[in-house]
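Structure first, then comments.
A, B, ... follow the sequence lines: proteins, then strands. Residue 1 opens every chain.
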There are 2 protein chains.
Amino acid sequence: MEATAPTLSRKAQIDQTATALFRTRGFAATSMRELAEALGLEAGSLYSHIKSKQELLHRICFRLADDFFAGFAAATHDAAEPAAVQLRRAIESHVRVLTQDVAASAVFLHEWRHLSEPARTEFLALRERYEAGFRLLIQRGIEQNDLRTPDVAFATLTLLASLNWLPSWYKPDGKLPPSEIAHRLADQLLLGLANS
Amino acid sequence: MEATAPTLSRKAQIDQTATALFRTRGFAATSMRELAEALGLEAGSLYSHIKSKQELLHRICFRLADDFFAGFAAATHDAAEPAAVQLRRAIESHVRVLTQDVAASAVFLHEWRHLSEPARTEFLALRERYEAGFRLLIQRGIEQNDLRTPDVAFATLTLLASLNWLPSWYKPDGKLPPSEIAHRLADQLLLGLANS
DNA sequence: CCTACCGATCGGTAGG
DNA sequence: CCTACCGATCGGTAGG
């Protein structure tokens with residue numbers, strides 16, 4: 001019956017617990033013994049479910065990357081829309097992915113550098129491609145006269161930076177629902193803090 | 001005569017090299033043997049200059065904290081100025097500290113959680129106090145009718161987030177001088193991306 | 001999934 | 001600043 005608790009496969013349980021530990025203690029500072037203990041088993045037993053510690057990090061980082069790309073694609077699917085509207089949708093999608101699994105997002109944002117090669121290089125290429133998507137939206141928004149900025153690349157980095165700080169303070173049980181957070185972030189970034 | 005290279009004390013050399021390693025590889029993943037090798041000596045020899053690995057992290061993090069506070073105090077010294085002007089100065093000061101030593105800034109921003117207690121708690125209290133300073137400026141800017149935002153705490157976090165992403169892409173030899181970067185960041189954050 | 005273990009490496013110290 | 005070393009812990013494996 002197990003009414004409330006969702007039944008996760010052992011592998012999914014390991015992923016989830018590893019994500020939480022990597023987030024709070026960092027990848028390098030988390031030992032496989034800690035992870036095993038958090039799951040209530042012995043260190044050696046982990047290896048009947050996973051190949052290595054590195055594999056855990058790899059799966060976390062690349063699953064998130066997939067989610068970000070899927071969300072971006074959906075947000076910009078309607079080519080008839082103004083770029084500024086697509087940008088707003090893309091911001092909301094980005095926030096949705098971040099808030100859906102804050103722990104995994106934090107690992108994605110801060111622990112990717114511990115990926116071993118060639119995964120690390122591959123990861124950076126994906127991230128660059130994702131940023132390029134936002135850059136293009138801002139560029140087109142300027143051409144359509146809806147946006148303005150002296151430096152598109154600069155503006156893109158700043159925008160994503162504001163969004164990516166979210167996992168460091170967002171609490172899933174907070175009073176603001178993710179959609180409202182996304183809305184406010186988009187407003188603040190697009191309209192600024194200055195009055196008129 | 002050692003014309004160009006500044007003569008650093010051995011301890012300062014250790015700090016500097018440790019900062020660079022902690023930044024690129026992370027605190028936990030950096031071994032004292034790596035650090036020693038980068039300095040051209042044996043691991044054991046480090047301990048005639050420092051007490052522990054932890055001491056290195058502590059010094060880096062708290063020196064930066066001092067710099068941020070000193071800059072903020074100078075930026076907001078003139079109580080006769082409108083809060084919005086003080087805020088702009090504080091943003092510029094923050095960017096100046098970040099760009100002055102990007103490696104140390106990155107360690108300050110990402111490796112502080114490896115501080116052992118009670119330093120870690122003390123550090124978080126300092127950070128909270130610093131954020132409160134920005135929050136107050138934004139609050140007063142609203143009262144003086146120069147700023148607007150539905151949520152001051154939210155706006156403060158977003159603003160600092162945008163600034164704090166800088167060490168992850170800033171290159172000291174880039175074409176934009178720090179003052180210009182500060183100016184653009186302040187503009188983008190205060191005025192937004194939207195046209196009119 | 002456990003027991004028992006491997007070689008490697010860790011932060012740090014003693015003695016010079 | 002080096003040599004030589006300490007106990008502890010690391011990721012991972014063999015065999016069951």
Report task. Please report the shortest heavy-atom distance between B:Ser116 and B:Gln54, naming the atom on each side. Result -> N-OE1, 2.8 Å

Query raised in the report: For A:Gln13 and A:Thr17, does a side-chain donor sit closer than 3.5 Å to a side-chain acceptor?
Result: no

Report task. Figure out the CG/P separation between B:Leu56 and C:dG11, and round it to whole Å. Result -> 11 Å

Query raised in the report: Between B:Tyr47 and C:dG12, is there a side-chain N or O to OP1/OP2 distance below 4.0 Å?
Result: yes

Report task. May I have the distance from A:Glu37 (atom CD) to D:dC10 (atom P), rounded to whole angstrom? Result -> 11 Å

Requested in this report: Could you state the atom-to-atom distance from CD of A:Glu42 to P of D:dA14 in whole Å?
Outcome: 19 Å

Query - Whole-Å distance separating the NZ atom of A:Lys53 from the P atom of D:dC10 - result: 9 Å

Requested in this report: Tell me whether the OP1 or OP2 atom of C:dG12 has a side-chain N or O from B:Arg33 closer than 4.0 Å.
Outcome: no

Requested in this report: First locate atom CZ of A:Phe27, then atom NE2 of A:His114, and finally report the distance between them rounded to the nearest 0.5 Å.
Outcome: 7.5 Å

Report summary line: A:Met32 CE to C:dC1 P, in whole Å, measures 14 Å

Query raised in the report: Does a side-chain N or O from A:Ser45 land closer than 4.0 Å to OP1 or OP2 of C:dC2, or not?
Result: yes

Query raised in the report: Has the side chain of A:Gln139 got a donor or acceptor atom that lies under 3.5 Å from a matching backbone atom of A:Val152?
Result: no

Requested in this report: Quickly work out the B:Ile50 CD1 to C:dG12 C1' distance and round it to whole Å.
Outcome: 10 Å

Report task. Output yes when at least one side-chain N/O atom of A:Ser31 is less than 4.0 Å from OP1 or OP2 of D:dT9, else no. Result -> no

Requested in this report: For A:Gln54 and D:dC10, give me the distance from atom CD to atom P, rounded to whole Å.
Outcome: 18 Å

Query raised in the report: Would a distance-only check, ignoring hydrogens and angles, find a side-chain to backbone donor-acceptor pair under 3.5 Å from A:Glu55 to A:Ile50?
Result: no

Query - B:Trp112 ring center within less than 6.0 Å of B:Phe62 ring center - result: no

Requested in this report: State the dot-bracket string of DNA chain D. Criteria: Watson-Crick or G-U wobble, both atom distances under 3.5 angstrom; notation: ( ) intrastrand, [ ] crossing earlier pairs, | interstrand, . unpaired.
Outcome: ||||||||||||||||

Query raised in the report: C:dG11 C1' sits how many Å from B:Leu35 CG, rounded?
Result: 12 Å

Query raised in the report: Within the distance-only criterion (no hydrogens, no angle test), does the side chain of B:Gln188 pair as donor or acceptor with the backbone N or O of B:Arg184 below 3.5 angstrom?
Result: no

